[in-house]
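For ligands, and for the atoms within them, numbers begin at 1 and follow the listed sequence. Computed over heavy atoms, backbone and side chain alike; hydrogens, waters and symmetry mates excluded.
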Amino acid sequence: MDPLLTRIPAAKALSAQALAALRAVVGDAQVSVSPADLDLAGKATIPDAKRPAAIVSPANAEEVAAILRACADHGLHVWPVSAGRNWGYGSATAVREGAVLLRLARMNRILEVDERLAYAVIEPGVTYRQLRAHLDAHHPNLWCDTTDGPPEGSVIGNALDRGLGVTHYGDHFGTLCGMEVVLPTGELMRTGGGPAGCKTFYTHKWGVGPYVEGLFSQSNLGIVTKAGVWLMPKPEAFCSFTFDLAREQDLPRLVDGIRELALRQIVTSAVHLVNDICALSVLAQYPAHLVAGHSRLPPDALAEMRRKYLVASWSFGGGIQGTAAQVRLARKALRARLAPLGRLMFVDDATVRLASAVHSAARRGPLAKPLEWAVRRFAGKSLEMLEAGPHIHAVLKGVPSDYFVRHAYFKSEKPKPDRADPDGDDIGLIWFAPIAPMVGDTVTELLALCRTLFERFEFDFYAALLVQNPRSMIILTSIFYRKDDAGQTDNARALYHALGEATSQAGYQTYRMGVGSMAQLARNAPEFVAFARRLKHAADPDAVLAPGKYGA
Ligand code: ADP
């Protein structure tokens, strides 16, 4: 058994008294122990997901506190999720079996939007789709960031796990300011150290005294029930761009170029530089005859797909925003730095409208064939890329999209659905995301290390390089595996483990962990975890809140 799991006292079984106590807090309708609900909640795209003992949906912070107290009284564990869309890292499942899953989705009020200071105050159930729709309807001069993941993901949930978005507000935890937290012992605390009604609660991130907001991210020290999130003013001008690298061997130069552009604040959006498998997973699916029996695309099939969809070895997109003059200057600087390395294309709203019209005409009608030929010949794009273009452009403006998450179905027999539900659809997907200093040679060295292991375990090497900040690059890799194939599932588990071992031995850490690998933190950094456990013990003497999360 994983050593992390042996040191956590097992949760007690849910007794009739405990169930009655939970029902007394939130009402019968907000507690579910139905086997069908528990089975569904226990599904995740990662292997070995854990089934909860009950699902409880509180309406406010007082109910959250009362649930924590009831669970402590009855020896139960609480696993909080806001939207539970933590796909690839564990979805809504806990480190250990039999926890009470605390779903905060009902707490979904947008409590305030301050237009002058550009922030919103929201509850954890607020999703990207909801926040953006609210801003568009009532505060059109403000934009929020989003991920290219599920639009129904929680703004606070993603920020607390330090997820990354797509615009210049992509560092989600960096844009949280002012939190209301229910501590494991049930007290309600405001962060920041200011007096009641503190005027800078949502504007002065560091507060005064020890900075404690960080303690509530990637941790198990409290449940955030309300937070301020900074928004951006709608820019005067915006355009997006796409870039295809001409020669694979120039990847280190490209990474160095992106770093320089980011350090000089010419590129400020969160760049996603993707390899061929990543691009193909967005644009296409495995050829039907290869789904069964192939855990990895044979080289000739990969080459054929790359030709068909006109996919480069590496390509990326980003957004430029500011005044019209700033955007013009940034375009010039980008062209100077990147054009020698490949094909750079700028996209504005008019180009998007044109692309959509050409795409429709090239899909049907008398001119379909010649149009498709012209698009491939002159723009260097496949029709599938033309279809993707408007989604890329929109998401870079912070508009959530269902389009990208469907890539999880790359290796599935099921066609990509309009609305992805990879947990419910039994899709096998594990994210492994080490992070490197953004130096071309270092990034390629780490990539080579990961690629070798993917090949050894016979999986397609999916990689997306994400600019986390101008100095660090996340190497987001994804293991697509078939859950209905026991051998492939074993290999996926073994590859995930091998990636963790090899990259930490080489001196790299991950930027975020899946629930299946949290024991590794204690092996890598024993003093660090010993300190985290001391804090945990002081804040949560009954070990009621998500024990084992991030090693503590
Ligand atoms: P999303 O749906 O946005 O991906 P999740 O709800 O799945 O986010 O949560 C992501 C991670 O953050 C999980 O580890 C979860 O336990 C933690 N988390 C989510 N919401 C809260 C919260 N309000 N307070 C404390 N931790 C949270």
task = Taking atom OH of Y211 as the centre, report whether more than 12 heavy atoms of other residues, nucleotides or ligands fall under 6.0 Å from it.
result = yes

Modelled atom types, side-chain donor and acceptor of S240 and H393, under 3.5 Å = yes

message = Could you check whether any heavy atom of A92 sits closer than 4.0 Å to an atom of ligand 1, since that is the contact criterion I want to use?
response = no

request  = Distance to 0.1 Å, residue and atom name: give those for the protein heavy atom nearest to atom 24 (N) of ligand 1.
outcome  = V224 N, 3.0 Å

task = Check each atom of ligand 1 against the heavy atoms of P124 and keep those under 4.0 Å away; list them by number with element.
result = 23 (N)

remark   = If you compare S154, G514, G163 by their heavy atoms, the one closest to atom 3 (O) of ligand 1 turns out to be S154

request  = List every atom of ligand 1 that sits less than 4.0 Å from any heavy atom of V81, numbering the atoms from 1 in the order shown and giving each element.
outcome  = 6 (O)

ask   = Aromatic rings H391 and Y403: how do their planes relate, parallel, tilted or perpendicular, breaks at 30° and 60°?
value = parallel

R162 side chain to Q218 side chain, donor-acceptor N/O pair below 3.5 angstrom = yes

Atom 20 (N) of ligand 1: nearest protein contact (heavy atom, Å) = S82 OG, 2.6 Å

task = Check the side chains of D145 and T167 for a donor-acceptor pair under 3.5 angstrom, ignoring hydrogens and angles.
result = yes

task = Say whether E152 and ligand 1 are in contact under the criterion: heavy-atom distance to a ligand atom below 4.0 Å.
result = no

remark   = Counting from 1 in the order shown, the ligand 1 atoms closer than 4.0 Å to a non-hydrogen atom of I223 are 24 (N), 25 (C)

message = For atom 17 (C) of ligand 1, what is the closest protein heavy atom, and at what distance to 0.1 Å?
response = K549 NZ, 3.4 Å

ask   = What residue and heavy atom of the protein are closest to atom 15 (C) of ligand 1, and at what distance?
value = P80 O, 3.2 Å

message = Taking the six-membered ring of W79 as reference, does the cationic atom of K549 (NZ for Lys, CZ for Arg) lie under 6.0 Å from its centre and within 45° of its axis?
response = yes

Y409-D425 side chain donor-acceptor pair, cut-off 3.5 Å = yes

ask   = Do any N/O atoms on G153 end up under 3.5 angstrom from N/O atoms on ligand 1?
value = no

request  = Quick one: look up the protein heavy atom nearest atom 2 (O) of ligand 1 and list residue, atom name and how far away it is.
outcome  = R85 N, 2.7 Å

query = Can a salt bridge be assigned to the pair D39 and K43 using a cut-off of 4.0 Å between side-chain N and carboxylate O?
reply = no

key: For atom 22 (C) of ligand 1, closest protein heavy-atom neighbour   = L160 CD1, 3.4 Å

key: Gap separating the CH2 atom of W230 from the OH atom of Y119, nearest 0.5 angstrom   = 11.5 Å

query = Is the shortest N/O to N/O distance between A83 and ligand 1 below 3.5 Å?
reply = yes

inquiry  = To check your reading of the model: name the closest protein heavy atom to atom 25 (C) of ligand 1, its residue, and the distance in Å.
reply    = G222 O, 3.5 Å

query = Do you see a donor-acceptor pair shorter than 3.5 Å between the side chains of S281 and Y462?
reply = no

inquiry  = Counting neighbours of NZ on K234 that are heavy atoms of other residues, nucleotides or ligands and sit closer than 6.0 Å, is the number greater than 12?
reply    = no

query = Where does V155 meet ligand 1, judged by heavy-atom distances below 4.0 Å: at the side chain, the backbone, both, or neither?
reply = neither

remark   = If you scan protein heavy atoms around atom 10 (C) of ligand 1, the nearest is G157 O, 3.6 Å

